[in-house]
Amino acid sequence: MSPEELEVALGLFFRDKSLLIRALTHRSHLNESQTAAALDNERLEFLGDAVLDFLTGEYLYHRFPEMREGELTNLRSALVKRETLARFARELELGEYMFISKGERAAGGQRRVPLLAGAFEALVGALYLDQGVESVQRFWERFAEPHLQRIVQGRLDKDAKSLLQELSQATFQLKPSYEIVEQSGPDHAKHFVIRVQIGERVLGSGRGNTKQSAEQEAARLALDALAVEGHHAQ
């Protein structure tokens, strides 16, 4: 695919087309490249990571003028974590446009979270070098604002255990406790049942293939139970 075709596909324009090509070049491709001067996207990825951290911090600072530092940090982490950036890369179909080795593509590398997140960061770094911070800001906010709304609405910046602990301490002045009530299966396929309680009261039992996933499920059930109680109490 030519640089011009890439620009159309991504909805971006680059003055320096080589920056766009470099942003989409994974290091695995260099072994197959016929161009001696070919460069991978790792340095652009480094730059893009720094640019995103700064822009996201500034964006959230102005977006939520009353929010405390700890909450802003949580939101920033949720917006720039690898899984989120990989999601944005999928929206752009970056994996399909990347220059990666045949072996990497055959192994599904174009769908891997680290590769996709790195490509998105590299694209940001390339856009910054090509056009400056304002262009990056416009590009970034296309993705950040819709996802931020999902985070705020669903509290995706915190896990269920953290939310339950906050609620429990605020309401009951107690920390939730977790106990394994059942453990089965061989080492490579364990199954756990874990219950959570606040004080003497059991609020939920979660199941999962790891202790962490079972605890998260238990915490979600406990949050649901407390939400129902709160609704009935109103």
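Nothing fancy with the numbering, it's 1 onward along the sequence. Quick note: numbers below take in every heavy atom, side chains included, and nothing from hydrogens, waters or symmetry partners.
In this structure, the separation between CD on E179 and CD on E215 is 11.5 Å, given to the nearest 0.5 Å. To the nearest 0.5 Å, atoms CG (L223) and CG (L203) are separated by 9.0 Å. Rounding to the nearest 0.5 angstrom, the gap separating the OG1 atom in T56 from the CG atom in L75 is 10.5 Å. One finds the CD atom of E69 at 7.5 Å from the CG atom of L72 (value rounded to the nearest 0.5 Å). Rounding to the nearest 0.5 Å places CD1 of I100 at 11.0 Å from OG1 of T25. Atom CD of Q165 is separated from atom CD1 of I198 by 10.0 Å, given to the nearest 0.5 angstrom.
Within the 4.5 Å cutoff, side-chain heavy atoms of F143 are placed close to those of E91. Side chains of F192 and E182 form no contact here, defined as non-hydrogen atoms less than 4.5 Å apart. Taking the side chain as every heavy atom from C-beta outward, S184 and H191 approach each other to under 4.5 Å. Taking 4.5 Å as the limit, some side-chain heavy atom of F88 sits within range of a side-chain heavy atom of H147. Contact of the L52 side chain with the L85 side chain is registered, since non-hydrogen atoms from C-beta on lie closer than 4.5 Å. Side-chain contact between R90 and V113: present, with at least one pair of heavy atoms (C-beta onward) separated by less than 4.5 Å. Within the 4.5 Å cutoff, no side-chain heavy atoms of Q110 are placed close to those of E104. Using a 4.5 Å heavy-atom threshold, the side chains of N41 and L24 count as separate.
Residues Y97 and V124 share a single hydrophobic cluster, defined by chaining ILVMFWY side chains whose heavy atoms lie under 4.5 Å apart. The hydrophobic cluster containing L116 does not contain L20, counting ILVMFWY residues as joined when their side-chain heavy atoms lie under 4.5 angstrom apart, directly or transitively. Residues V8 and M98 fall into different hydrophobic clusters, defined by Ile, Leu, Val, Met, Phe, Trp and Tyr side chains chained together at heavy-atom separations under 4.5 Å. In the hydrophobic clustering of this structure, L163 does not group with L221; members are Ile, Leu, Val, Met, Phe, Trp, Tyr whose side-chain heavy atoms approach within less than 4.5 Å, directly or through other members. Cluster membership for Y61 and V136, using ILVMFWY side-chain heavy atoms within less than 4.5 angstrom, is not shared.
Taking a 6.0 Å sphere around NZ of K211, one finds it holds 12 or fewer heavy atoms contributed by other residues, nucleotides or ligands. E134 CD: 12 or fewer foreign heavy atoms inside a 6.0 Å radius. Environment of NZ in K102: sparse, with no more than 12 heavy atoms of neighbouring residues, nucleotides or ligands closer than 6.0 Å.
Across Y128, F120, F13, F14, a single residue satisfies ring pair (Phe, Tyr, Trp, His ring centres under 6.0 Å) together with F139, and that is F120.
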Step-by-step salt bridge (charged side-chain N to carboxylate O under 4.0 Å, His left out) determination, E71 to R68 = CA-CA 6 Å; E71 293 179 273; R68 297 178 65 83; 5.8 Å; no
message = One pair to check against side-chain contact (heavy atoms from CB on, under 4.5 Å): V51 and F46. What are the steps and the verdict?
response = CA-CA 9 Å; V51 171; F46 167 80; over 6 Å; no
task = Applying side-chain contact (heavy atoms from CB on, under 4.5 Å), run through E7 and L12 and close with a yes or a no.
result = CA-CA 5 Å; E7 288 178 320; L12 295 171; 5.6 Å; no
message = side-chain contact (heavy atoms from CB on, under 4.5 Å), that's the test. Do E217 and R207 meet it? Break it down for me.
response = CA-CA 7 Å; E217 177 65 17; R207 299 173 180 271; 5.7 Å; no
message = side-chain hydrogen bond (donor to acceptor under 3.5 Å, both in side chains), that's the test. Do Q173 and Q169 meet it? Break it down for me.
response = CA-CA 4 Å; Q173 291 74 54; Q169 288 181 313; over 6 Å; no
task = Output, in order, the C-alpha distance, side-chain angles, deciding distance and verdict of side-chain contact (heavy atoms from CB on, under 4.5 Å) for L123 and L44.
result = CA-CA 7 Å; L123 187 62; L44 287 175; over 6 Å; no
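Smallest separation of non-hydrogen atoms from F64 and L148: CE1-CD2, 3.7 Å. Counting all heavy atoms, side chain and backbone alike, Q216 lies closest to K161 at OE1-N, 3.5 Å. When all heavy atoms of H26 and D40 are compared, the closest pair comes out as C-CB, 4.1 Å. Shortest non-hydrogen contact noted between L10 and L94 is CD2-CD2, 3.6 Å. When all heavy atoms are compared, the tightest approach of I194 to A218 is O-CB, 3.5 Å. Nearest heavy atoms, L60 versus R76: CD1-N, 3.5 Å.
Using a 4.0 Å cut-off between charged nitrogen and carboxylate oxygen, R27 and E42 count as a salt-bridge pair.
Using a distance-only test at 3.5 Å, with no hydrogens or angles considered, a donor-acceptor pair links the side chain of S77 to the main chain of T73. Looking only at distances, no side-chain donor or acceptor of T171 sits under 3.5 Å from a matching main-chain atom of S168.
A donor-acceptor contact closer than 3.5 angstrom links the side chains of S135 and R138.
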